[in-house]
Q: 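Below you'll find the structure I mean.
Labels below follow one simple rule: chain letters A, B, ... track the order of the sequence lines, proteins then strands, and each chain is numbered from 1. These figures come from a predicted structure and were not determined experimentally.
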Protein chains: 2
Amino acid sequence: MTVATYTWREVDRMLAEGDVKGRLTKADLPTPALIVDLDALEANAQKMIAYVHGTGRAIRPHAKTHKCPEIARYLIASGAVGACAAKLSEAWALAEGGVTGLLVTTAVVGARKIESAIDLARLRPETIFCVDSAQNAGDLNDAAAAAKLTVNVNIDLFVGNRTGIFPGDPAVALAEAIGKLPHLRLAGLQAYAGHASHTVGFDKRRQVSLDAMTPAADTRRALEAKGIACPLLTGGSTGTYNIDTAIDGLNELQPGSFLFMDVDYNRIGSQSGDEFYGDFRNSLFVLTTVVSKPKKEQPVVDAGLKSFSTDKPWPPRWRGGDGLIYNFAGDEHGRLMQPAVPVEVGDRLEFVIPHCDPTVNLYDRLYVLRGDQVEAVWRVAGRGKAQ
Amino acid sequence: MTVATYTWREVDRMLAEGDVKGRLTKADLPTPALIVDLDALEANAQKMIAYVHGTGRAIRPHAKTHKCPEIARYLIASGAVGACAAKLSEAWALAEGGVTGLLVTTAVVGARKIESAIDLARLRPETIFCVDSAQNAGDLNDAAAAAKLTVNVNIDLFVGNRTGIFPGDPAVALAEAIGKLPHLRLAGLQAYAGHASHTVGFDKRRQVSLDAMTPAADTRRALEAKGIACPLLTGGSTGTYNIDTAIDGLNELQPGSFLFMDVDYNRIGSQSGDEFYGDFRNSLFVLTTVVSKPKKEQPVVDAGLKSFSTDKPWPPRWRGGDGLIYNFAGDEHGRLMQPAVPVEVGDRLEFVIPHCDPTVNLYDRLYVLRGDQVEAVWRVAGRGKAQ
């Protein structure tokens, strides 16, 4: 045990500098702390990559889940073609962390952001940007022309309920317009169906995803029938990885949550019929400390609305089983209602997070564990990078 | 207009360095951006401080709302006695930003955190920490003794539904125990009734708050009847500022949200009977950009679950009126359902946030505006400091 060896200041400095391997254990971490079970994370990554490669598809995992260059680089070293970024500022955080093969999945709108996108294309020429309107494509082309660059673009298709242009004729017309813009190169199509990924029940999810994605695959074929090269159709999620990889024409998957999993994904049901979706292991937890016990039946931990995502109806789930039920108790605290196991002030308890992406976005650091040993501290470089 | 004058890199550098006054306007800011209407913020601060002082009470506003040393220092310069911090790491962020008169409102539990608390007490001897058990008081006393310091403590009372020790006999017994610990000095009592602050309807809210706070005032009198000095009873909120300041014995208020306000507080109803609680002005907004328009009736802005709090059932509210209804559309986006006003890609729209504290916690910077001019960029130094 290293616990007694260091003062707080020494631990704090080690954590800030990342110089921790073999020196610190989980007991040294200040709570609330976002911790990663590295064995589980690696198992999830290897399983997903092997599965996708087994179907003859490429994988470009979405980094909006982890926002962490170390993880993106590990995935690329394990066979991924690159990393997706939700926004331009997130892409920059990844690029500056050495990540290649970036796909920015939201259209870049506004003169200043387009200027920044061109800078990124200069640094990482393989980067793909998304466009969903002729106006935006024209703006991007003009900026690329001024910089004497050619920029790769995907057409973002509206196959879910969020952004994009309708598949079919509108998308084909946009592809034709892009073909006339000398500083854009059509990389392909993006089709993300967020409503499919969390549909509960495998058969229903399969149907929702196929209904959403088939028009995207049809659009790719329509482009090729017109002689318009469309090398890429990228989409899919942790919930649909074993559905979308069977779609003829989809050749790249962009899942993210499989690395960490969360309470929300655990409830969508597996292909085998299990209610609990356990295709991938829970690898991400918030480590908390019991800081007050006003009543025997209501101990309080030090993690609340600012330490867990709150966009889903499910609360954090105790890692230890069914004996503790967490209830939010304001910004900074959570109540453990009627605990079925003994809980004392000072106890440290771990919880599965409700929704991984917005939870990671609350933290500056991921503490990476092998068992109880702190293996590394990774900076969440993309935290807050929603621009 | 300064918009056309600078490149993105120049703007980005100015924003990072805070060297913006007179050089940038709102149109220069990368979205999503957290913006503050400084006129409204100042009006809120002056109104609250004048009101509380008018009742003969002190005010120590809670910095968990803004997490920003500049704001805490402004409030102190305007008459506040200091600033509350929810957690020790937040208190450190304030102390390092030059803030004095700190009160840490959650008990500090665990050897390492107590060590850090002692360091803070050395730097800022006037700091008050909260305790709610004899064990924790003893631990803090031992660490203070080792450091040859005397540390100020409040007893945290369980008057809401969160942390603390029960008022009355249990609290009196703890005060007596503290009296025997030579390195602790009893500063007083803390009584925060979070359930009262958001009770809808003034009369009901008044009753809930009085029911919660009266036992705290009684405890202060019980201590004094035993000859135990109890200089401070601190509590109250933006929802109960004009209720708790009438409680005999409560001599310090610790509200936070009055500075910014939010959708959630706007709905609790005012003393005059208005459904809309408008005692303080909305001063905090998220500036967004319309980035996609897949359908005329469903334009999409670039701010979603990672840019707004999601712990309340109410969505962000358009600053411009009733013509736009925001719906969350995932981590990075929001849909504007059936807009009653024209909305085009590239438009910039501002939204009142649902809940101010966890929203501020998502951002690294507050952009401070006078009208459309960027007056300053303040770092949210306590962002993510939940430890």
Q: What residues, two or more places apart in sequence or in another chain, satisfy side chain to side chain donor-acceptor pair (under 3.5 Å) together with A:Ser197?
A: none

Q: I'd like to know whether A:Lys312 forms a salt bridge (Lys or Arg N to Asp or Glu O under 4.0 Å) with A:Asp262, so could you lay out the CA-CA distance, the side-chain angles of the two residues, the decisive distance to 0.1 Å, and finally the verdict.
A: CA-CA 11 Å; A:Lys312 305 289 183 184; A:Asp262 54 31; over 6 Å; no

Q: Contact part of B:Thr289 toward chain A, heavy-atom cut-off under 4.5 Å: side chain, backbone, both or neither?
A: side chain

Q: I'd like to know which of B:Asn161, B:Val108, B:Ile114 tops the heavy-atom pair count under 4.5 Å against chain A.
A: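 Going by pairs under 4.5 Å, I would pick B:Asn161.
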
Q: Which one of B:Asp132, B:Asp331, B:Val345, B:Val291 has the most heavy-atom pairs closer than 4.5 Å to chain A?
A: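 Highest number of heavy-atom pairs under 4.5 Å: B:Asp331.
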
Q: Judged by atom type as modelled, is there a donor-acceptor pair below 3.5 Å linking the side chain of A:Thr31 to the main-chain atoms of A:Thr288?
A: no

Q: Using the six-membered ring wherever Trp is involved, compare the ring planes of B:His66 and B:Phe260 and label them parallel, tilted or perpendicular (cut-offs 30° and 60°).
A: perpendicular

Q: Between B:Ser89, B:Ala386, B:Ser307, who has the most heavy-atom pairs with chain A when the cutoff is under 4.5 Å?
A: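 Option with the greatest count: B:Ala386.
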
Q: Distance only, no hydrogens: is a donor on one side chain within 3.5 Å (strictly under) of an acceptor on the other, for B:Ser257 and B:Thr238?
A: no

Q: Is chain B contacted by the side chain of A:Thr163, its backbone, both, or neither, given a heavy-atom distance below 4.5 Å?
A: both

Q: Salt bridge between B:Lys87 and A:Glu332, side-chain N to carboxylate O under 4.0 Å?
A: yes

Q: Measure distances from A:Arg162 to the heavy atoms of chain B and classify the residue's part below 4.5 Å as side chain, backbone, both or neither.
A: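 Contact with chain B: backbone and side chain both.
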
Q: Just wondering, do A:Gln190 and A:Gln254 contact through their side chains at under 4.5 Å, heavy atoms?
A: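 Yes; the side chains approach each other to less than 4.5 Å.
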
Q: At a heavy-atom separation under 4.5 Å, does A:Asp302 approach chain B through its side chain, its backbone, both, or neither?
A: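 Both backbone and side chain.
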
Q: Return the option, out of A:Lys293, A:His195, A:Lys295, with the maximum number of heavy-atom pairs under 4.5 Å with chain B.
A: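 Top count of heavy-atom pairs under 4.5 Å with chain B: A:Lys295.
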
Q: Contact part of B:Asp357 toward chain A, heavy-atom cut-off under 4.5 Å: side chain, backbone, both or neither?
A: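 Both parts, backbone and side chain.
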
Q: Classify the ring geometry of B:Phe158 against B:Phe166: parallel below 30°, tilted from 30° to 60°, perpendicular beyond 60°.
A: tilted

Q: Need one label for B:Ile165: side chain, backbone, both or neither, based on atoms under 4.5 Å from any heavy atom in chain A.
A: neither

Q: Given the options A:Gly160, A:Gly164, A:Gly110, which has more heavy-atom pairs under 4.5 Å with chain B than any of the others?
A: A:Gly164

Q: Of the backbone (N, CA, C, O) and the side chain (C-beta and beyond), which part of B:Val300 lies under 4.5 Å from a heavy atom of chain A, both, or neither?
A: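 Only the side chain of B:Val300 comes within 4.5 Å of chain A.
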
Q: Need one label for A:Val290: side chain, backbone, both or neither, based on atoms under 4.5 Å from any heavy atom in chain B.
A: backbone

Q: Using heavy-atom distances under 4.5 Å, tell me whether B:Gln298 contacts chain A through its side chain, its backbone, both, or neither.
A: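 The side chain, not the backbone.
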
Q: So for A:Arg348, is it side chain, backbone, both, or neither that comes closer than 4.5 Å to the heavy atoms of chain B?
A: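 The answer is neither part of A:Arg348.
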
Q: Where on B:Ser133 is there a heavy atom nearer than 4.5 Å to chain A: the side chain, the backbone, both, or neither?
A: neither

Q: Do B:Arg365 and B:Tyr367 pair up side chain to side chain, a donor and an acceptor below 3.5 Å, judged on atom types alone?
A: yes

Q: Ignoring hydrogens and geometry beyond distance, is a side-chain donor-acceptor pair present between A:Asp311 and A:His355 at under 3.5 Å?
A: yes

